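Note that the structure is a prediction, hence the values are computed from the model and not measured. Per chain, numbering begins at 1; letters A, B, ... match sequence-line order. Atoms considered below: every heavy atom in the structure, side chains included; atoms not considered: hydrogens, waters and symmetry mates.
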Amino acid sequence: MSEDKPEKQPVSAIKGTHDILPKEARDWQRVEAVAKATFELYGYREIRTPVFEATELFEKSTGQTTDIVQKEMYTFTDKGGRSITLRPEYTPSVARAIIEHRLDLLPEPMRYYFIGPMFRFDKPQKGRFRQFHQVDIEVFGENDPAIDAEIIEMANHLLKKLKVTETAVLVNSVGCRNCRPAYLKDLRAAAAAVEASLCPDCQRKAETNPLRIFDCKIEACREIARGFPEITTYLDADCAEHFRKFRSYLDLYGIPHRIEPRLVRGIDYYTKTTFEITTAKLGAQNSILGGGRYDDMMKDFGGPDISATGFAMGVERLLSVAELEPASDDFIYLAYMGNEAKKEALLLARFLRSHGVECLLEFKERGLKSQLGRASKLGASWALIIGEEEVGKGRYQLKNMKEGTQIEAGKQDLLEILGRSDH
RNA sequence: GUGAGUGUAGCUCAACUGGUUAGAGCAGCGGACUGUGGAUCCGCAGGUUGGGGGUUCGAGACCCCUCACUCACCCCA
């Protein structure tokens, strides 16, 4: 309302968020469509939950000690004084919905998928954003390690459809509440014993998160870490058997995989199976998909004691490595000259659209030449020329923009030629 | 939160050791061709060089501050 000159750039998108422009949105739509079709093929059904939840939900499930909860959540107090958090991940919401609606009592298999935005207050970098999107799938009530293998096979199937190559499947077992504590204790002790010979980074990790030493990029640290105890030797009978079978099913599918003792997934609720699929083409944030089993979450919530497993896939990361065929537009550009022709064009466009033909007409004062130039530039398959003469006889000049050929066609001819008369 | 790098037109980039009016290609619009696109040629429009301060006769360039973006640590999708 002021008399001042308008700001050059009044506002811009919040740090770590991005507009998805029409050209990119095409690719998003296709990835989403392929993902949905794939999951439906495996018997999964979509479930949608709100973008925000009670803060407590994430504190209880994701874990008080995790980075996600400690420093990455968008948490605020609403006008009713409640603490609200924009979801940083999807799994807790699904678990909550199942308990709330007693979905576990329904006959349908509890296999769900979801696509939508997540929010984490991270410092943005390549492949990492504050608002990002995940494709998420979860299975509840299946204890068999075969399902852990099947969801990886399903992920592989999807990646293959999207022509994502150079991927690696990393797997691990983090044990359970019986066997993990002893392992962590011994690992910490082992790291403390050699602390002096580790790099400064790893010296810190020895205190905070010794599992991460396995992941150091400095060869000396990696060498030392090879001597550390591995979780796999600490697994109790049940977990060890689960892990063994899980891998044998992956072998059955012929899916190569590597055991990665570092794979803990930074989230408290995982039990037994954890896995990741990485790609060499992504930079430091090279994980396009990660997940695992979380058998304790439901009962910890005060819900039924049912097991669960699933994964989340980063859509931005997926898009940056997927090889999608360039989208081809197929529409007809209506070029008109004069007011009578304009009216004719409006009605013709309505007619064609009602038969499923995509039409574009623009309302600027342009000559025929300029309009055809537009049609060409915008990638129209056809141009329809409507002038006084054409209005008079009810037949129009239909030009094939690729071939450069042109014929005269009436209303009905158009439908047949454009090949959409069955719509 | 820590560290490094980069900011010039819508996009990609020029502008010598500081020198006069900051240029080009692409994209946009118009014309050559007033009813026939893509090629070519010509023209038009587009900038407070991210912002602020300083040094200097003179700053896009050098110094300081700030903001933004990028990459990395951490963590994760």
task = Under the side-chain hydrogen bond (donor to acceptor under 3.5 Å, both in side chains) rule, collect the residues that match up with A/T85, sequence neighbours excluded.
result = A/T55, A/T75
request  = State which residues pass side-chain hydrogen bond (donor to acceptor under 3.5 Å, both in side chains) with A/Q285; sequence neighbours excluded, sorted by chain then number.
outcome  = none
Close N or O pairs between protein and nucleotides 2-6 of chain B (under 3.5 Å):
unit_1: B/rU2; atom_1: O4; unit_2: A/K123; atom_2: NZ; d: 2.8

Below 3.5 Å between N/O atoms, which protein atoms pair up with nucleotides 66-69 of chain B? Just atom names and distances, please.
unit_1: B/rC69; atom_1: OP2; unit_2: A/K15; atom_2: NZ; d: 3.1

key: Pair listing, side chain to side chain donor-acceptor pair (under 3.5 Å) test, anchored in residues 309-320 of chain A, at least two apart   = A/H133-A/E316, A/D148-A/T309
message = What does the B/S/- profile of nucleotides 26-34 of chain B look like, 5' to 3', with a 4.0 Å heavy-atom cutoff to protein?
response = --SSS--B-
request  = Residues of residues 341-349 of chain A with any non-hydrogen atom less than 4.0 angstrom from an atom of RNA chain B: list those, numerically ordered, please.
outcome  = none
message = Can you confirm whether the side chains of A/Y294 and A/E138 place a donor and an acceptor under 3.5 Å from each other?
response = yes
query = Is there a donor N/O on one and an acceptor N/O on the other, under 3.5 Å, for the side chain of A/R128 and the base of B/rC75?
reply = yes
query = With sequence neighbours excluded, what pairs up with A/F114 under the side-chain contact (heavy atoms from CB on, under 4.5 Å) test?
reply = A/R87, A/Y90, A/M118, A/D136
Interatomic distance at P, B/rC69 relative to B/rU34, whole Å = 50 Å
ask   = Can you list the stems that RNA chain B is part of, where a stem is at least 3 pairs in a row, each Watson-Crick or G-U, with both distances below 3.5 Å?
value = B:1-7 with B:67-73, B:10-13 with B:23-26, B:28-32 with B:40-44, B:50-54 with B:62-66
Pair A/H242 + A/F246: ring centers closer than 6.0 Å = no
Side-chain polar contacts of residues 35-47 of chain A - donor-acceptor pairs under 3.5 angstrom, sequence neighbours left out - could you list them?
unit_1: A/T38; atom_1: OG1; unit_2: A/V34; atom_2: O; d: 2.7
unit_1: A/E40; atom_1: OE1; unit_2: A/R45; atom_2: NH1; d: 2.8
unit_1: A/E40; atom_1: OE2; unit_2: A/Y113; atom_2: OH; d: 2.7
unit_1: A/Y42; atom_1: OH; unit_2: A/E153; atom_2: OE1; d: 2.8
unit_1: A/Y42; atom_1: OH; unit_2: A/E153; atom_2: OE2; d: 3.3
unit_1: A/Y42; atom_1: OH; unit_2: A/H157; atom_2: ND1; d: 3.1
unit_1: A/E46; atom_1: OE1; unit_2: A/R48; atom_2: NH2; d: 3.3
unit_1: A/E46; atom_1: OE2; unit_2: A/R48; atom_2: NE; d: 2.9
unit_1: A/E46; atom_1: OE2; unit_2: A/R48; atom_2: NH2; d: 3.4

task = Using the test salt bridge (charged side-chain N to carboxylate O under 4.0 Å, His left out), find all partners of A/D300 that sit at least two apart in sequence or belong to another chain.
result = A/R177
task = Ignoring backbone atoms, test whether A/Q125 places a side-chain nitrogen or oxygen under 4.0 Å from the OP1 or OP2 oxygen of B/rU70.
result = no
request  = Return each pair, listed once, that meets ring-ring contact (aromatic ring centres under 6.0 Å, His included) where at least one residue sits in residues 356-402 of chain A; pairs must be two or more places apart or across chains.
outcome  = none
